[in-house]
Protein chains: 2
Amino acid sequence: MQSDKYDKSKRFDKLKESKKIARKRPTINDVAQLANVSTATVSRCLSKPELVRLDVRTRVEASVVELGYVLDGAAKTLKTHQSKTIGVIVPTLEIGGYASAIQAFEKTVAAEKYTAILGVSDFDADKELQLAHNLAEKGVDGIMLIGMDSDDRLTSFLEKVHIPHVNSWHFRRDSKYHWVGFDNRAAIQAITSYVFQHGHRDVVFFVGGAEHANARTELRRQGFMDAISDYNLEFSEGLIFEVPYNSKASQLEFHRLWSLGNRPTAVICANDILAIGVLRACKKIGLRVPDDISVTGFDGLDIMADLWAPITTMAVPAKQIGEESGNCLLNLLTDKNPKTLTELHCTLVEGGSVKSLI
Amino acid sequence: MQSDKYDKSKRFDKLKESKKIARKRPTINDVAQLANVSTATVSRCLSKPELVRLDVRTRVEASVVELGYVLDGAAKTLKTHQSKTIGVIVPTLEIGGYASAIQAFEKTVAAEKYTAILGVSDFDADKELQLAHNLAEKGVDGIMLIGMDSDDRLTSFLEKVHIPHVNSWHFRRDSKYHWVGFDNRAAIQAITSYVFQHGHRDVVFFVGGAEHANARTELRRQGFMDAISDYNLEFSEGLIFEVPYNSKASQLEFHRLWSLGNRPTAVICANDILAIGVLRACKKIGLRVPDDISVTGFDGLDIMADLWAPITTMAVPAKQIGEESGNCLLNLLTDKNPKTLTELHCTLVEGGSVKSLI
DNA sequence: CTAAAAAATGTAATCGATTACATCAAAACT
DNA sequence: AGTTTTGATGTAATCGATTACATTTTTTAG
């Protein structure tokens, strides 16, 4: 307001000094000067070269190379409100399917010049929210959420800051948001039914839960119960074992269960990692699979076919999820209106770990 | 220069209009106005709250919440020349070890408020270079390179733009750059020697190569040859099989080799994926492992112990690599002077897939 | 050859923060 | 009380691009 209030001379001294000292990266101004054009022209050469006469363009390009000029994305983003950057929030990279999905996603969006920014939430909703905030500050144009049913805080935050997002891995039907995934409930129901079809009636269900519980866990439980009721079997909570998401945990849990005299004819696992743990327990106990006990997995890891007891599992379309999420988000970012639900399908991979009792 | 050259009135009309129309995110100005302080104070509340009187601070914080203010990282980066962002360039996420390393890296740098930006190079040096350029534009403060021996173009580019970087997975001793990794050559030599110690003399070496060749491939070849010469065996190029980095390829290659009458007593694989392929070929051919043929892997995937023939493999310290790379880069970014070489070690995991011939 | 239209280029305001320095206020000394 | 020190806050230049609009140059049409 009162601009005569301060003495400006000192400021300029400082400025001159720093110009001499600092070994900065060349800016668009330097390029413009060297090429003898205005910054506007340089900028156009970089983003809309067809607007610039050929001879000028080559001159500018030469200057860019000579100076080793690299555009300052921060300045560009500040002006354009576009970072050409997409955030990806994933619970963990240790789950192979997630890594595949991310890789496919990255490839898809990279084709449109978007760069992926990664956040690992460790299955922690608070951390997820914090990551989203961080990504918002970074100015991401969109966000891909993998494998968690984010709570309302997250989605409403994203809505408030106008960042479009895609949820992936599973989905909800009654949602205004965008989903790319498969039907967890139906898929678990399917593989459970497969086991029932083979004559099993005395089964238990291992599902990743405990500290890693999320909406998907719940859907999987329901899928299991659906199959139970399809076959008019009696359900009890005792059939479901929630264990942390790692082989060691499921190994111990199965071992415990068996030593307590619980003798199911089949163990249905909600993911392959748990199935591997069960398999290890079986080996220790001396159970043959599938002769003494049947075991199924879920995820469709390639390797399940090479285990000492090749495991029947449900293959999840991880790569497809990545691609479709990428496309969905790209559409969202260009104001095309992608469908809110892209339903993908799992495929049963028979490994032979389910014995027919009929 | 001639500022009286243009008519400015129209510009301002546009401006006012856009202010009315655009539904922008609140800026630091809005917060300042609402809290009745200057933007400087708001800024200080956010970055150095201890400099602001408590009552003012709470007022500002309340305004931040009320407006749902999110700081604009681009503006901050533009002014400070710091993005709090680190680029990660990886050949692929499909290799479990890389994913683990990245996850550990992300965790390490996230603790210091850095965010990871991901680039997948697909084992392509050109793409790698392009990714680095892209990351430089994004303003990353540093870069982590995984599993590739980047060519000089990359390192000299990074030097020119003043972006510190860490190379990981393997290392070079005679380098001014920073490395975190293990000695590929020595590790392959060790597992090869292990096989020789068990009396094998007729061995072949499967190494990921072909389109995915890189410096590491070469180091591994050398490690194999080192062991050969340690045992005074005769070397021939025919002992080395370069195959693409996937199980299918190694399966086919071993099958081909076997059908041509090549009958080694052991197959040494430079990674677990190739070993799995060989194992599959063995199963198809009807070879028992290790009774009819010995097979070793390299990577130390957990799952190798659960295969129908548990495979002896060399465990790579992936997580450690991620952590140490993170620390190294963090030090580099704070002008501490980390050592240029952090050598980590592999451990032999005996699966029982090597038969003793003695 | 001139006028009109189209193409190329330049000017300078602008995006939203940070921060050096100035200023003002309050506390601590004489 | 007056002076100095310390603490809190404000002012406004600055970072490096983009881009609306003005201006100049070139091309096309008459």
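Numbers restart at 1 for each chain; the letters A, B, ... are given by sequence-line order, proteins then strands. When reading the values below, keep in mind they use all heavy atoms of this one structure, side chains included, and skip hydrogens, waters and symmetry mates. Bear in mind the structure is a predicted one, so any value in this text is a computation, not a measurement.
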Chemist: Any base atoms under 4.0 Å from A:Thr77, or only sugar-phosphate, or nothing? Heavy atoms, all strands.
Modeler: nothing
Chemist: By nearest nucleotide on DNA chain D, pick out whichever of A:Arg44 and B:Arg53 is the more 5' one.
Modeler: B:Arg53
Chemist: Select base, sugar-phosphate, or nothing to describe what A:Ser47 touches, counting heavy atoms under 4.0 Å on all strands.
Modeler: nothing
Chemist: Could you tell me how far apart A:Lys24 (NZ) and D:dT14 (P) are, to the nearest whole angstrom?
Modeler: 12 Å
Chemist: Between A:Gln82 (CD) and D:dA17 (P), how many Å, whole number?
Modeler: 17 Å
Chemist: Measure from the side-chain heavy atoms of B:Asp72 and tell me the nearest of C:dA12, C:dG16, D:dG16.
Modeler: C:dG16
Chemist: From the list C:dA17, C:dT19, C:dG16, which nucleotide is the closest neighbour of the side chain of B:Leu78?
Modeler: C:dG16
Chemist: Are the side chains of B:Tyr114 and B:Leu329 in touch, meaning some heavy atoms are under 4.5 Å apart?
Modeler: no
Chemist: Is B:Thr27 close enough to C:dG16 that one of its side-chain N or O atoms is under 4.0 Å from OP1 or OP2 there?
Modeler: no
Chemist: Answer whether the closest heavy-atom distance between the side chains of B:Asp30 and B:Tyr69 falls below 4.5 Å.
Modeler: no
Chemist: For a quick check of understanding: with a heavy-atom distance under 4.0 Å over all strands, which category does B:Val42 fall into, base, sugar-phosphate or nothing?
Modeler: nothing
Chemist: Taking all non-hydrogen atoms of both residues into account, name the closest pair between A:Leu78 and B:Ala75 and its distance.
Modeler: CD1-CB, 3.8 Å
Chemist: Do B:Thr77 and A:Thr77 touch side chain to side chain, with heavy atoms closer than 4.5 Å?
Modeler: no
Chemist: Less than 4.0 angstrom between a side-chain N/O of B:Thr80 and OP1 or OP2 of C:dT18, yes or no?
Modeler: no
Chemist: More 5' along DNA chain D: B:Asn36 or B:His81, using each one's nearest nucleotide?
Modeler: B:Asn36
Chemist: Just to be sure I understand the rule, does A:Thr41 reach a base, reach only the sugar-phosphate, or reach nothing, if contact means heavy atoms closer than 4.0 Å?
Modeler: sugar-phosphate
Chemist: Give the rounded distance in Å between these two atoms: CD of A:Glu50 and C1' of C:dA6.
Modeler: 16 Å
Chemist: By nearest atom, which of the nucleotides C:dT18, D:dT9, C:dG16 is closest to the B:Leu71 side chain?
Modeler: C:dT18
Chemist: May I have the distance from B:Leu46 (atom CG) to C:dG16 (atom C1'), rounded to whole angstrom?
Modeler: 13 Å
Chemist: Can you measure A:Leu51 atom CG to C:dA6 atom P for me and round it to whole angstrom units?
Modeler: 16 Å
Chemist: Can you check the B:Leu54 CG to C:dA26 P distance for me, whole Å?
Modeler: 17 Å
Chemist: Rounded to whole angstroms, how far apart are CZ on B:Arg59 and P on D:dT9?
Modeler: 8 Å
Chemist: Without decimals, in angstroms, what is the distance between A:Gln33 CD and C:dT11 C1'?
Modeler: 16 Å
Chemist: Is there side-chain contact between A:Lys84 and B:Lys138, with heavy atoms separated by less than 4.5 Å?
Modeler: yes
Chemist: Counting just side-chain N and O atoms, does B:Lys79 come under 4.0 Å of either OP1 or OP2 of D:dT14?
Modeler: no
